[in-house]
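One-based numbering, in listed order, for ligands and for the atoms of each. This structure is a prediction, so every number in the text was calculated from the model and none was measured.
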Amino acid sequence: MASKVVILTRREVFSASHRLYSEHLTEEENKATYGKCINQHGHNYTLEVSVRGKLNEKTGMFINATELKQIIKEEIMDRMDHKNLEVDVKEFQGVVTTTENLCVVIYELLAKRLGELLYEVKILETENNYVIYRGDSS
Ligand SMILES: Nc1nc2c(c(=O)[nH]1)N=C([C@H](O)[C@H](O)COP(=O)(O)OP(=O)(O)OP(=O)(O)O)CN2
Ligand SMILES: [Zn+2]
């Protein structure tokens with residue numbers, strides 16, 4: 001019988017500070033591009049990591065949620081929680097810490113551990129802004 005394919009999502013919240021500033025722009029261009037966000041500030045980022053796999057009929061799952069939680073802790077929470085992203089996290093050296101770039105960096109870090117199981121990374125930077133990345137590149 002065909003296996004059912006399901007998607008499991010784990011949610012975590014981490015606090016981090018950042019500023020939006022591109023080394024490829026002049027001071028004036030940065031101010032015009034990022035406005036108030038060129039100043040150091042912080043967010044409680046909500047991270048939602050989704051994995052997709054075939055349901056194992058014997059176990060009723062395809063990954064243990066506890067294993068997923070541990071992977072996210074090791075790869076993301078321990079790296080980014082209560083950190084200044086541009087200063088403390090080497091993956092953001094020279095990268096503008098927009099939510100879009102956080103999604104890409106976090107996706108690539110998790111993909112090393114989860115491989116094909118990784119389906120989607122979603123980050124809410126504020127109550128009203130969120131970004132989704134599924135590894136697509138065109
Ligand atoms: N395309 C993007 N634009 C902006 C990003 C981003 O990641 N991608 N981020 C910011 C800032 O980080 C800023 O902190 C968030 O902007 P803003 O929504 O204006 O923040 P508020 O504190 O006003 O909260 P809201 O609830 O979202 O109004 C800016 N732009
Ligand atoms: Zn911000």
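- Looking at K36 against ligand 1, only its side chain comes within 4.0 Å, counting heavy atoms.
- For the residue pair E27 and Y21, a side-chain donor N or O sits within less than 3.5 Å of a side-chain acceptor on the partner.
- Which parts of ligand 1 touch C37 is read off a 4.0 Å heavy-atom cut-off, strictly below it: atoms 10 (C), 11 (C), 13 (C), 14 (O), 29 (C).
- Salt bridge E75/R113: present, at least one basic N to carboxylate O contact under 4.0 Å.
- Electrostatic pairing of E91 and R79 counts as a salt bridge here, judged by a charged N lying under 4.0 Å from a carboxylate O.
- In this structure, atom 22 (O) of ligand 1 has its sub-4.0 angstrom surroundings free of protein heavy atoms.
- At a 4.0 Å heavy-atom cut-off, ligand 1 touches L20 through the side chain alone.
- In terms of N/O distances under 3.5 Å, ligand 1 is not approached by T98.
- The T99 neighbourhood of ligand 1 comprises atoms 6 (C), 7 (O), with distances under 4.0 Å to a heavy atom of that residue.
- The N128 neighbourhood of ligand 1 comprises atoms 25 (P), 26 (O), 27 (O), with distances under 4.0 Å to a heavy atom of that residue.
- Annotation: atom 5 (C) of ligand 1 to nearest protein heavy atom, E125 OE1, 3.7 Å.
- In this structure, N30 contributes its side chain and S22 its backbone to a donor-acceptor pair below 3.5 Å.
- In summary, K112 and E108 do not engage in a salt bridge, as defined by a charged side-chain N under 4.0 Å from a carboxylate O.
- Taking the charged nitrogens against the carboxylate oxygens, R10 and E12 do have a contact shorter than 4.0 Å, which makes a salt bridge.
- For the side chain to side chain contact (heavy atoms under 4.5 Å, CB included) test with I76, the passing option among D81, V105, V49, I106 is I106; the others fail.
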Return a table of donor-acceptor pairs under 3.5 angstrom between the side chains of residues 60-71 and protein atoms on other chains or two or more places apart.
{"from": "N64", "atom 1": "OD1", "to": "T66", "atom 2": "N", "distance (Å)": "2.8"}
{"from": "N64", "atom 1": "OD1", "to": "T66", "atom 2": "OG1", "distance (Å)": "3.1"}
{"from": "Q70", "atom 1": "NE2", "to": "E74", "atom 2": "OE2", "distance (Å)": "2.7"}

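- Put simply, atom 3 (N) of ligand 1 has no protein non-hydrogen atoms near it, under 4.0 Å away.
- If you number the atoms of ligand 1 from 1 as listed, the ones under 4.0 Å from a heavy atom of E100 come out as 1 (N), 2 (C), 6 (C), 7 (O), 8 (N).
- Enclosure of atom CD in E127 is not indicated, since only 12 or fewer non-hydrogen atoms of other residues, nucleotides or ligands lie within 6.0 angstrom.
- By the criterion of a separation under 2.8 Å, the protein N/O/S atoms near the Zn ion (ligand 2) amount to H18 NE2, H41 NE2, H43 NE2.
- When each of H43, K122, E125 is tested with T99 by the rule side chain to side chain donor-acceptor pair (under 3.5 Å), just one qualifies, namely E125.
- Close contacts of ligand 1 with H18, meaning ligand atoms under 4.0 Å from a residue heavy atom, involve 12 (O).
- Of the protein's non-hydrogen atoms, the one nearest atom 27 (O) of ligand 1 is T126 OG1, 2.8 Å.
- At the shortest separation from atom 18 (O) of ligand 1 among protein heavy atoms lies N129 ND2, 2.8 Å.
- The backbone N or O of T97 lies less than 3.5 Å from no partner atom in the side chain of N101, so there is not a single donor-acceptor pair.
- A donor-acceptor contact shorter than 3.5 Å is absent between the side chain of H18 and the backbone of L85.
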